[in-house]
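Naming convention: chains lettered A, B, ... in sequence-line order (proteins, then strands); numbering from 1 in each chain.
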Number of protein chains: 2
Amino acid sequence: MPSSTVENYLKRIFLEQQAEPTGDIVSMKNLAGAMGVTAGTATSMAKSLADSKLVAYEPYGGVKLTARGRTVALRVLRRHRLIECLLVEALGLDWSEVHDEAEKLEHAISDKLLDRIDEFLGFPSVDPHGDPIPTAGGEIRHSALTALTEVEQGAEVRIARVLDQDEQFLRFVDRHMLRPGTRARVLVQDHAAEAVTVQSGKLPAVTMGRTAAAKIMVELIKG
Amino acid sequence: MPSSTVENYLKRIFLEQQAEPTGDIVSMKNLAGAMGVTAGTATSMAKSLADSKLVAYEPYGGVKLTARGRTVALRVLRRHRLIECLLVEALGLDWSEVHDEAEKLEHAISDKLLDRIDEFLGFPSVDPHGDPIPTAGGEIRHSALTALTEVEQGAEVRIARVLDQDEQFLRFVDRHMLRPGTRARVLVQDHAAEAVTVQSGKLPAVTMGRTAAAKIMVELIKG
DNA sequence: TATCATATTTTGACATATCAAAATTTCTGG
DNA sequence: CCAGAAATTTTGATATGTCAAAATATGATA
């Protein structure tokens, strides 16, 4: 049984591997940053994870999940995301405030209870942020998603995923009805200004910078 | 912020204090037994809790909660019992299987979420086992105590207090599992015979005279 | 290529929580 | 009151997870 610290490292490594398209090796600096610990701590944990065959660790290189490590990471993510669903669906919490709760609860819940929750929720495939929920078997399903910066002007899209858990940002997304599942239209792609203008529901259009737009992943509906 | 280990010790001490009617001081042996650790570990933890002013510790004497320690213990108990309610009410788990889940979740839940759960459940006053749920303020609502002679036939009660320190009597109480904290059912109230028949756990029912029954104070759970 | 900034690793320390076993204190029966 | 039993405390060790700071390696650039 991995400790919750180990679970957190593995989860972070998984997420960092996904976030880093330069290659799926995570540096000690990034790992330490993501975990909020010093670089020395990250190094010693990397070694200890490698001893447990949960990561491959190359001195001065970095760290990468093994198959076993990946399985553990996905199990933690499954817990996290199902808990987020539960808090939103059953208890009516706002999707912007469930992340921190789930961060703690994900280490304290049994497989049995998790299965109950899954059943109770009707076996959802994405969490309230649109992030895919890994299966009990430890697999993850991806649909082809595009960043909001990449779609053509005039396109109709469905918001699929928001790649940032920051509460400020989630509130912004909320305010403009850009939650996962909602439809939106891309009115302007201004490459010169590095800005994207989108419009959702009956709200007025909103213009955001490309760094923000890059964090909003969508599925193309038309255009 | 007390660690979850500290929370567990305080909770145990509280429960042991209630269970021990000889006086509310808990010995290292009992504490170690209840926590599943060695006596040496219990001693060193007792000292450390005393340093934090959460318990009063007398070497070779034992340990007793301070007001602060009691407040922490009751907060943990509140979490535990509300979580048990949630698992039974909302997720349909059986009341016999929720204890272990709650044991872990009670340390991983925020006050905010707990309040939501409380509200969602309609502010229950007892958990699925009939144990009272402490208030957010850290007090325990003691329902008014009733003598065993006063309750209706068929009622479910929890033994709360035994108003006699006589060894003979306490042994009798013990033998029939009528210690404070245990649940029992009043099978017969025979006013003509001045006798009460009660039954606890898996033991056969026992009939006692009204003078004896008058010394056993109970809380009404149902009926 | 020599140097310097940056990243990484090592080292020594600390806090928490635990155990086993030795030492000590308290209790109890004769 | 005293000896042995039982409970308690002490001691020394271990595992986990962390930091600060020193030592070392890597990589970019002049």
Side-chain angles (χ1 to χ4, degrees), chain A residues 1-13 16-17 19-20 22-64 69 72-73 76 103-104 106-108, chain B residues 1-13 16-17 19-20 22-64 69 72-73 76 103-104 106-108 167 171:
Chain A
M1 240 118 282
S3 69
S4 50
T5 306
V6 166
E7 286 189 342
N8 278 331
Y9 274 91
L10 295 173
K11 181 182 64 176
R12 271 297 139 215
I13 293 167
E16 290 294 311
Q17 281 188 197
E20 212 75 51
T22 54
D24 51 6
I25 285 175
V26 180
S27 70
M28 289 306 109
K29 194 194 182 197
N30 284 173
L31 181 55
M35 289 298 299
V37 298
T38 63
T41 301
T43 299
S44 71
M45 183 50 92
K47 285 188 196 171
S48 133
L49 293 175
D51 288 347
S52 312
K53 310 249 190 260
L54 293 165
V55 303
Y57 165 62
E58 201 66 46
Y60 295 101
V63 102
K64 181 183 167 167
V72 175
V76 179
E103 204 69 15
K104 288 178 294 170
E106 70 192 10
H107 308 293
Chain B
M1 246 115 281
S3 68
S4 50
T5 305
V6 166
E7 287 189 343
N8 278 331
Y9 274 90
L10 295 173
K11 181 183 63 178
R12 272 296 138 219
I13 292 167
E16 290 294 312
Q17 279 188 198
E20 211 77 50
T22 55
D24 52 4
I25 285 175
V26 180
S27 70
M28 290 305 111
K29 195 195 182 197
N30 284 173
L31 181 55
M35 289 298 299
V37 298
T38 62
T41 301
T43 298
S44 72
M45 183 51 93
K47 285 188 196 172
S48 132
L49 293 175
D51 287 348
S52 312
K53 309 252 191 258
L54 293 165
V55 303
Y57 164 63
E58 201 64 46
Y60 294 101
V63 102
K64 180 182 169 168
V72 175
V76 179
E103 204 68 15
K104 287 178 295 168
E106 70 192 13
H107 308 293
E167 206 173 317
R171 262 208 265 277

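If you take CG of A:Leu31 and P of C:dT9, they are 11 Å apart, rounded to a whole angstrom. Atom NZ of A:Lys47 is separated from atom P of C:dT11 by 8 Å (rounded to the nearest Å). Distance B:Asp51 CG to C:dA17 P: 13 Å, rounded to the nearest Å. Per the geometry, CG belonging to A:Leu49 stands 13 Å off P belonging to C:dT9, to the nearest Å.
Summarising the local packing, NZ of B:Lys64 is surrounded by 12 or fewer heavy atoms from other residues, nucleotides or ligands at distances under 6.0 Å.
Here the closest non-hydrogen pair linking A:Val26 and A:Ile13 is CG2-O, 3.9 Å. Across all non-hydrogen atoms, the minimal contact from A:Ile25 to A:Gly62 is CG2-CA, 3.8 Å. The heavy-atom pair separating A:Asn30 from A:Glu16 by the smallest distance is CB-OE1, 4.1 Å. Nearest heavy atoms, B:Ala46 versus B:Val63: CB-CG2, 3.9 Å. Between B:Glu103 and B:Asn8 the shortest heavy-atom distance is OE2-OD1, 4.3 Å.
Atom OH in B:Tyr9 sits 9.5 Å away from atom OG in B:Ser3 (nearest 0.5 Å). In this structure, CE on B:Met35 lies 8.0 Å from NZ on B:Lys11, to the nearest 0.5 angstrom.
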Listing time: all N or O pairs from protein to nucleotides 13-19 of chain D that are below 3.5 Å?
residue, atom, partner, partner atom, Å
D:dG17, OP1, A:Ser3, OG, 2.5
D:dT18, OP2, A:Tyr9, OH, 3.0
D:dC19, OP2, A:Thr38, N, 3.0
D:dC19, OP2, A:Thr38, OG1, 3.3
D:dC19, OP2, A:Thr41, OG1, 2.7

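Within residues 52-61 of chain A, the residues having any heavy atom under 4.0 Å from DNA chain C are, by residue number, A:Tyr57, A:Pro59, A:Tyr60.
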